[in-house]
Each structure stands twice: as C-alpha cells, then as structure tokens.
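The block underneath contains the structure these notes are about, expressed in structure tokens.
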Amino acid sequence: MTPSDTSSVNLTIVLMVTSSKRPDQWIFPGGGVEPEEDSSVTAMREVAEEAGVIGKLDRFLGIFENIERKHRTEVFVMVVTEELPEWEDSIRIGRQRKWFTVEDALKHLRLHKPVQMTYLETLLTCNRRMNKVS
C-alpha cells in the first residue's frame, strides 16, 4: 500500500502491520475471501480491519500460489487516502501499523515472510518496467 501523496509508479514507502500470531513481526495486511465476495472487496475490507486505512485500489498485482500449503493469494496495490485513529484489530488484539521504506520492508519480510517479499519485489519490477516505458 502507498499513501495518497506517493504514486505507485514512484514507490518509496509501504504500510505494514504487526502479525496477529507474532506481534514483533511486520507483515502486509490480508485475509480470507467471504462467500460470494469479490477479491477486490476482500482486499479493501481486510485492510480496513487489519490496518485501519481507507483508500482506493490502484491495480491488481497478481496471483501468488504456494503449492506446498495449497494456498492462493490475490494481491492488490492500494493508495491510502485515510488513516483511522482506531480500527477493529487495534482495539481487539492491539495490532499496530507502520510505514516502512521499501528497503526496510524487504528486510523484515526476508526474515520471516519470504512469500510476501515476492509481492513487493514483483511490484518493484513492474514499476521499473513502467518507468522505462515512460
């Protein structure tokens, strides 16, 4: 996710949240799709619940599959337009959110969430390609 004053093409910072299972680890927000729910709606709902932010989806980044865990994740880029002072997971489990530089986010993810690291690397690769074209 990027704040509203940062173009996704010129990505410099991303929003992460503390893990519900390991609060000392930072991860990207996400969650499960409800029955009959579109994945883009899921993305907006989960980000509001877990990170307490509102915004607009910028683009669909891709589908990432973990064959070992039989898990499939659809990833979106979101431009944040509002940060709520309190949100569901901050109240319920004390979850925190924080903006990280891309470099710092990659360092955190490399240690304990390498699959999520691939999301950010994919975004960076897409942005480099877009910048070369423009």
Side-chain angles (χ1 to χ4, degrees):
M1 288 177 293
T2 65
S4 59
D5 60 346
T6 303
S7 165
S8 62
V9 175
N10 187 21
L11 179 68
T12 57
I13 60 175
V14 294
L15 185 66
M16 299 175 77
V17 296
T18 51
S19 169
S20 61
K21 294 177 184 162
R22 297 188 174 147
D24 60 325
Q25 296 180 358
W26 293 91
I27 61 172
F28 290 128
V33 179
E34 298 291 336
E36 308 296 319
E37 185 177 48
D38 184 77
S39 59
S40 62
V41 173
T42 301
M44 299 291 287
R45 177 179 51 77
E46 288 291 342
V47 168
E49 290 173 7
E50 293 187 7
V53 295
I54 298 171
K56 60 180 181 161
L57 295 182
D58 182 53
R59 63 183 152 159
F60 177 69
L61 187 60
I63 298 173
F64 297 81
E65 293 192 62
N66 184 332
I67 295 169
E68 293 171 9
R69 298 179 96 188
K70 298 179 182 175
H71 193 266
R72 183 179 127 153
T73 304
E74 295 184 40
V75 178
F76 294 85
V77 177
M78 179 182 180
V79 177
V80 174
T81 57
E82 181 181 357
E83 294 183 31
L84 305 173
E86 291 185 323
W87 62 97
E88 184 176 326
D89 279 6
S90 72
I91 296 165
R92 191 171 54 83
I93 61 172
R95 181 167 269 165
Q96 298 173 39
R97 67 175 173 233
K98 183 178 175 183
W99 292 99
F100 287 88
T101 65
V102 170
E103 296 79 19
D104 286 343
L106 286 168
K107 287 177 191 173
H108 281 279
L109 296 171
R110 189 173 289 117
L111 296 172
H112 55 271
K113 281 288 191 180
V115 171
Q116 287 192 355
M117 186 177 74
T118 63
Y119 308 162
L120 190 49
E121 289 172 335
T122 300
L123 179 60
L124 292 170
T125 299
C126 291
N127 285 347
R128 281 189 212 109
R129 286 185 190 143
M130 287 174 56
N131 288 338
K132 284 182 181 180
V133 172
S134 37

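Only this structure's heavy atoms are used, side chains among them; waters, hydrogens and symmetry mates stay out.
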Heavy-atom side-chain contact between Trp99 and Val80 under 4.5 Å: yes

Please give me the minimum heavy-atom distance between Met16 and Ala105, naming the atom from each residue. SD-CB, 3.6 Å

Are side-chain heavy atoms of Asp38 and Met44 found at a separation under 4.5 Å? no

Spacing of CD belonging to Gln116 relative to CZ belonging to Arg110, to within rounding of 0.5 Å: 14.0 Å

So, taking the atom named OG1 in Thr73 and the one named CG in Leu61, what distance separates them when rounded to the nearest 0.5 Å? 11.5 Å

What closest approach, in Å, do Thr81 and Gly55 show between heavy atoms, and which atom pair accounts for it? OG1-CA, 3.4 Å

How far apart are the C-alpha atoms of Glu74 and Thr42, what are their side-chain angles, what is the distance that settles it, and do they pass the side chain to side chain contact (heavy atoms under 4.5 Å, CB included) test? CA-CA 10 Å; Glu74 295 184 40; Thr42 301; over 6 Å; no

State the CD-NZ distance between Glu65 and Lys70, to the nearest 0.5 angstrom. 13.0 Å

Mind checking whether Val41 and Val75 sit in one hydrophobic cluster, side chains of I, L, V, M, F, W, Y counted as touching below 4.5 Å? no

Can you tell me how far CG of Asp89 sits from CD of Glu46, rounded to the nearest 0.5 angstrom? 8.5 Å

Rounded to the nearest 0.5 Å, what separation is found between the CZ atom of Arg97 and the CG atom of Leu84? 6.5 Å

Treating Ile, Leu, Val, Met, Phe, Trp and Tyr as nodes and any side-chain heavy-atom pair under 4.5 angstrom as an edge, say whether Val53 and Trp87 lie in one connected cluster. no

Considering only heavy atoms from C-beta outward, does the side chain of Leu106 approach that of Leu124 to under 4.5 Å? yes

Side chain to side chain contact (heavy atoms under 4.5 Å, CB included) between Leu120 and Met117: does it pass, once the steps are laid out? CA-CA 5 Å; Leu120 190 49; Met117 186 177 74; 5.8 Å; no

Test side chain to side chain contact (heavy atoms under 4.5 Å, CB included) applied to Asn66 - qualifying residues, sequence neighbours left out: Glu68, Arg69, His71, Val115

Answer yes or no: does atom CD1 of Ile63 have more than 12 heavy-atom neighbours from other residues, nucleotides or ligands under 6.0 Å? yes

Nearest-0.5 Å distance that lies between atom OH in Tyr119 and atom CG in Leu109: 10.0 Å

Please list, one pair per line, the donor and acceptor atoms closer than 3.5 Å that link side chains of residues 17-34 to other protein atoms, with sequence neighbours excluded.
{"unit_1": "Thr18", "atom_1": "OG1", "unit_2": "Gln96", "atom_2": "N", "d": "3.0"}
{"unit_1": "Ser19", "atom_1": "OG", "unit_2": "Lys21", "atom_2": "N", "d": "3.2"}
{"unit_1": "Ser19", "atom_1": "OG", "unit_2": "Arg22", "atom_2": "N", "d": "3.2"}

Test of understanding: clusters of I, L, V, M, F, W, Y form through side-chain heavy atoms closer than 4.5 Å, transitively. Do Phe76 and Ile54 belong to the same one? no

